[in-house]
Amino acid sequence: MERKIALLTGASKGIGYATAQILAKKGYELIINSRNTSNAVKKLKEYGTIVEGVDGSLGDDATITALIAKVEERGQIDALLLNHGGPPVKSFLEVSHAEWETYTKIMLHGPLRLLRELTPIMQKQQKCRVATISSFTVKSPRAGIVLSNSLRATLVNALKTVAMELGSDGILINTVAPGYIATQQILDFNQRYADQENISKEEVDQRTIKEIPLKMFGKPEDVAGLIAYLLSEENQYITGQNIHVDGGLITAN
Ligand SMILES: NC(=O)c1ccc[n+]([C@@H]2O[C@H](COP(=O)([O-])OP(=O)(O)OC[C@H]3O[C@@H](n4cnc5c(N)ncnc54)[C@H](OP(=O)(O)O)[C@@H]3O)[C@@H](O)[C@H]2O)c1
């Protein structure tokens, strides 16, 4: 089988990990990143592929430098997933200037530097697939999550721009927008609303489920399946899109 290499950031848990699992099953060699990759590396190796972990925040320059070096050692990259955890659930007046700086680094500077510095390898190959995970709130912003609403919208538009500029090099770039997916992120998110409103997390969960036309939370694999498709060469003609996987939520809003 032809050697395929994928770099996935934010891939130790949740949707990023589920995507790494699909690519590992397809035989991709993986470089994965998060602040602690050791468990995920161990589990992904069970699929019989080569897996290397790079620990560190996407907001740290040293992490980005280390990830670029790992790809340069191999001289090849076929798939790049730019992902990280969600920023804090805070309203505009609760977010400090230092937090704007921290999350701008994690959600914009890190991903964009990684993409920019890996572009020469992608151009030399004349192919690569790139994806990021955004959120349904990019299209339908919610109060209380100003960091997510604003920084994700910037990344989505930056990547649409790059998709237009680099399409002629065979570089296809898309973003996938989850609705409510049952991961640690949604547990934390709904717990925060429960604490704010002094009600139980179960009540917030039920209220959320009522909003979703399919009347259930999604599973990480529901989103990961689409991302893995967009990152593979089966995807020949989709680029510059922000595709929702949200059980119909965005249509209902
Ligand atoms: N789940 C949902 O309902 C939902 C809805 C809309 C949008 N999203 C967004 O989709 C993305 C993935 O969500 P998820 O539910 O899969 O989240 P998750 O289960 O919390 O997983 C996040 C992943 O990112 C890693 N990570 C966290 N901070 C990082 C950093 N600074 N640098 C590098 N890696 C970092 C985490 O590992 P470590 O802890 O080891 O760093 C983990 O592997 C997030 O941006 C999330 O906000 C999720």
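Whatever order the structure lists them in is the order used to number ligands and atoms, beginning at 1.
For the ligand labelled ligand 1, residue Gly179 lies inside the 4.0 Å heavy-atom shell. Heavy atoms of Ile106 come nearer than 4.0 angstrom to ligand 1 in at least one pair. Ligand 1 has at least one atom lying under 4.0 Å from a heavy atom of Ser134. For Gly59, the closest heavy-atom approach to ligand 1 does not fall below 4.0 Å.
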Between Ile199 and Arg207, is a side-chain contact (heavy atoms from CB on, under 4.5 Å) present by the stated rule, with each step listed? CA-CA 11 Å; Ile199 55 176; Arg207 189 175 69 193; 4.0 Å; yes

Test Asn242 against Ser134 for side chain to side chain donor-acceptor pair (under 3.5 Å), laying out the working first. CA-CA 8 Å; Asn242 180 37; Ser134 65; 3.2 Å; yes

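In this structure, atom 10 (O) of ligand 1 lies nearest to the protein heavy atom Ile133 CG2, 3.2 Å. The protein heavy atom nearest to atom 47 (O) of ligand 1 is Arg152 NH2, 2.5 Å. Atom 44 (C) of ligand 1 has its closest protein heavy atom at His84 O, 3.1 Å. Protein heavy atom in closest approach to atom 18 (P) of ligand 1: Gln185 CB, 4.3 Å. Among protein heavy atoms, atom 36 (C) of ligand 1 sits closest to Ser12 OG, 3.9 Å. Ranking the protein heavy atoms by distance from atom 6 (C) of ligand 1 puts Ser135 OG, 3.4 Å first. In this structure, atom 3 (O) of ligand 1 lies nearest to the protein heavy atom Ile181 N, 2.7 Å. At the shortest separation from atom 22 (C) of ligand 1 among protein heavy atoms lies Gly85 CA, 3.7 Å.
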Ignoring hydrogens and angles, write down the donor-acceptor pairs under 3.5 Å from the side chains of residues 16-32, residues two or more places apart or on other chains.
from: Thr19; atom 1: OG1; to: Ile15; atom 2: O; distance (Å): 2.8
from: Gln21; atom 1: NE2; to: Tyr47; atom 2: OH; distance (Å): 3.0
from: Lys26; atom 1: NZ; to: Glu234; atom 2: OE2; distance (Å): 3.2
from: Glu29; atom 1: OE1; to: Arg3; atom 2: NE; distance (Å): 2.9
from: Glu29; atom 1: OE1; to: Arg3; atom 2: NH2; distance (Å): 3.3
from: Glu29; atom 1: OE2; to: Arg3; atom 2: NH2; distance (Å): 3.1
from: Glu29; atom 1: OE2; to: Arg74; atom 2: NE; distance (Å): 3.0

Pairs under 3.5 angstrom only: tabulate donor-acceptor contacts from the side chains of residues 149-158 to other protein residues two or more places apart or in another chain.
from: Asn149; atom 1: ND2; to: Arg142; atom 2: O; distance (Å): 2.8
from: Asn149; atom 1: ND2; to: Ile145; atom 2: O; distance (Å): 3.4
from: Ser150; atom 1: OG; to: Val146; atom 2: O; distance (Å): 2.5
from: Arg152; atom 1: NE; to: Ser148; atom 2: OG; distance (Å): 2.8
from: Thr154; atom 1: OG1; to: Ser150; atom 2: O; distance (Å): 3.1

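The one candidate from Leu82, Asn83, Leu108, Asn33 that meets the side chain to side chain contact (heavy atoms under 4.5 Å, CB included) condition with Leu58 is Asn33. Of the candidates Ile227, Val176, Leu159, Ile173, Leu159 is the only one forming a side chain to side chain contact (heavy atoms under 4.5 Å, CB included) with Thr132.
With a 4.0 Å cut-off on non-hydrogen atoms, Thr183 touches ligand 1 through its side chain and not its backbone. Contact annotation for Asn83 and ligand 1: only side-chain heavy atoms (C-beta onward) come within less than 4.0 Å of the ligand. Only the side chain of Asn33 comes within 4.0 Å of ligand 1, judged by heavy-atom distances.
Residue-ligand proximity, Gly14 to ligand 1, at heavy-atom distances under 4.0 Å covers atoms 16 (O), 19 (O).
Of the possible polar contacts, none joining the Arg129 side chain to the Leu172 backbone as a donor-acceptor pair under 3.5 Å is found.
Between Ile15 and ligand 1, at least one N/O pair is under 3.5 Å apart. Taking any N or O of Tyr180, backbone or side chain, none lies under 3.5 Å from an N or O belonging to ligand 1.
Between the side chains of Asn235 and Glu233, no donor-acceptor pair is found at a separation under 3.5 Å. Looking only at atom types and distance, the side chain of Gln123 has a donor-acceptor partner in the side chain of Asp169 under 3.5 Å away. For the residue pair Ser12 and Asn36, no side-chain donor N or O sits within less than 3.5 Å of a side-chain acceptor on the partner. Side-chain N/O atoms of Glu99 and Thr102 include no donor and acceptor closer than 3.5 Å.
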